[in-house]
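Following: one structure in structure tokens, then a few remarks.
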Number of protein chains: 2
Amino acid sequence: MQASEGVQVKPGQSPGEAAILSAGVRLFAEQGFDGVSMRGVAQAAGVSKANIYHHFSSKEALYLAILQASAAETAALIENLADGAGGFDERLKEFSKAYQQHLFDRHLSSRLLLREALLGDDKKGKKIADQVVGNVFRRMISILRAGQEAGVLREDLDPALCAFLLMGANAFFFQAQGILKHFPEAGFAREGDCFSDGMVEVLLHGMLNQTGGVADQERAS
Amino acid sequence: MQASEGVQVKPGQSPGEAAILSAGVRLFAEQGFDGVSMRGVAQAAGVSKANIYHHFSSKEALYLAILQASAAETAALIENLADGAGGFDERLKEFSKAYQQHLFDRHLSSRLLLREALLGDDKKGKKIADQVVGNVFRRMISILRAGQEAGVLREDLDPALCAFLLMGANAFFFQAQGILKHFPEAGFAREGDCFSDGMVEVLLHGMLNQTGGVADQERAS
DNA sequence: TAACTGACCGACCGTACGGTCAGTTTTAAG
DNA sequence: CTTAAAACTGACCGTACGGTCGGTCAGTTA
């Protein structure tokens with residue numbers, strides 16, 4: 001049994017409140033807002049239902065608190081991803097690997113945020129867009145634009161589309177983890193880093209054999 | 001007001017049952033299983049709640065019927081996607097465009113299936129994996145493998161990973177449609193076919209400028 | 001000791017849920 | 001027209017829901 005994820009006891013936080021948040025993030029991530037009952041949270045947290053309402057004014061308030069904690073934590077950890085040094089290739093490779101690692105390390109928070117961002121109503125979706133992915137997305141775009149000015153990245157490509165591809169491929173791979181288990185062909189989903197490396201390789205150099213280049217020999221090493 | 005999606009009146013189907021299925025697929029797609037009440041379905045369908053139980057034995061049974069109808073329809077339409085003629089590039093391009101078109105045309109069914117496949121429990125996820133995406137995924141893999149044997153596709157790439165990238169990018173783009181509206185940078189999400197074309201271009205030829213090739217001039221045309 | 005506070009609980013309230021049933025209307029074949 | 005099955009309905013049932021309330025208890029301050 002590993003420690004609960006994403007909810008460390010903060011100063012001024014009673015153990016009951018911490019238990020509520022810890023149980024809540026797990027249940028909401030697994031079953032969604034409507035699939036979770038306050039009785040279920042109380043039981044999982046080992047506290048009374050009334051105690052939850054002592055700390056949070058409503059189910060919605062509890063959900064938002066958990067959502068915001070997850071968003072803040074994810075945003076903070078993700079902020080540092082794009083700062084790596086090295087060449088263009090290596091930076092993208094490192095970013096992708098670190099982003100994927102983060103998704104799996106904080107899988108409860110990630111699942112919760114993805115759920116809300118992709119399936120939630122527009123209001124909450126916009127909030128997540130602004131608070132969590134917005135900065136990283138824009139940063140990634142600016143990195144790609146710099147790559148274009150340096151002549152490394154093709155100028156005929158939309159940097160926003162490339163950024164979306166890079167982040168979206170990781171996010172979707174994380175989402176599809178469960179269903180990929182059912183496909184024996186998807187060996188890339190079983191070994192860590194295998195997907196991220198292969199994905200970045202495809203995004204950078206393409207799937208096709210280049211007809212007149214020397215890149216093939218370089219890749220073979 | 002456009003016609004309801006994905007639920008055509010079949011022979012032996014009363015108008016009430018058709019209305020129930022039509023309302024159900026919309027509500028379940030928008031709000032998920034737990035967010036929908038039978039009273040809500042009845043009201044949206046313009047029938048009594050008891051009438052639903054005349055046609056379906058339970059809420060779960062109604063949901064499964066809708067899910068299976070969506071799955072069958074999606075599977076049938078998708079089966080014909082991989083049969084296109086032409087060169088390797090064109091086939092993949094056409095497949096991607098048609099798949100994306102299908103996602104948006106049948107957005108309710110697609111949303112429902114993606115929801116269930118990515119967030120549902122393992123049992124239902126496996127069912128969808130087998131009945132809907134399984135065949136297409138395997139077909140796509142075999143096409144890519146043929147591309148490898150023909151020397152068009154790089155041999156050092158995992159065909160399954162490439163297939164997953166191609167289909168996953170489209171699926172995630174469809175899922176992220178709502179949140180992409182909030183990003184002014186994401187112009188590629190506003191114009192039809194723009195994403196699919198750009199995405200396939202990146203997947204085929206890569207993001208990087210090829211150092212010693214002649215492909216750049218070809219692409220510029 | 002007395003006053004006060006925040007954490008916590010069991011019992012309860014009104015409501016909406018999934019589901020049932022007796023009975024009515026519609027449909028269509030004989 | 002008769003009749004039986006199918007379509008359909010309003011009223012109802014038991015339950016679980018989100019939320020409230022009065023009160024207990026440990027710890028702090030004065």
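Nothing here was measured: the structure is a model prediction, and the numbers come from that model. Here is how names work: the chains are called A, B, and so on, in the same order as the sequence lines, proteins then strands, and each is numbered from 1. All values below were derived from every heavy atom in this structure, side-chain atoms included, with hydrogens, water molecules and symmetry-related copies excluded.
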Closer than 4.0 angstrom, basic N to acidic O: yes or no for B:Lys126 and B:Asp122?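 No.
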Hey, are B:Lys93 and B:Asp89 close enough for a salt bridge, meaning a charged N less than 4.0 Å from a carboxylate O?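 No, B:Lys93 and B:Asp89 are not salt-bridged.
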Rounded to the nearest Å, what distance is computed from the [atom1] atom of residue [X] to the [atom2] atom of nucleotide [N]?
X       : N      : atom1 : atom2 : result
B:Leu27 : C:dG18 : CG    : C1'   : 16 Å
B:Tyr63 : C:dG18 : OH    : P     : 14 Å
B:Gln31 : C:dA16 : CD    : P     : 16 Å
A:Phe56 : C:dA7  : CZ    : C1'   : 13 Å
A:Lys59 : D:dA16 : NZ    : P     : 16 Å

Side-chain N or O of [X] less than 4.0 angstrom from OP1 or OP2 on [N]?
X       : N      : result
A:Ser14 : C:dC8  : yes
B:Ser58 : C:dG18 : no
B:Ser37 : C:dA16 : no

Does a donor on one side chain sit under 3.5 Å from an acceptor on the other, for B:Ser196 and B:Ser96?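 Short answer, yes.
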In chain order, what residues pass the salt bridge (Lys or Arg N to Asp or Glu O under 4.0 Å) check against B:Asp197, with sequence neighbours excluded?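 B:Asp197 satisfies salt bridge (Lys or Arg N to Asp or Glu O under 4.0 Å) with B:Lys97 only.
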Salt bridge (Lys or Arg N to Asp or Glu O under 4.0 Å) against A:Glu94, all qualifying residues, sequence neighbours excluded: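 Checked A:Glu94 against salt bridge (Lys or Arg N to Asp or Glu O under 4.0 Å); zero matches.
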Candidate nucleotides C:dC8, C:dG18, D:dC8, ranked by approach to the side chain of B:His55 - the nearest: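 Nearest listed nucleotide: D:dC8.
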Please work out which residues in residues 38-54 of chain A have a non-hydrogen atom less than 4.0 Å from an atom of DNA chain C and list them by number.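 By residue number: A:Val47, A:Ser48, A:Ala50, A:Asn51, A:His54.
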OH on B:Tyr63 to CG on B:Asp34, rounded to 0.5 Å: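 Output value for this atom pair is 9.0 Å.
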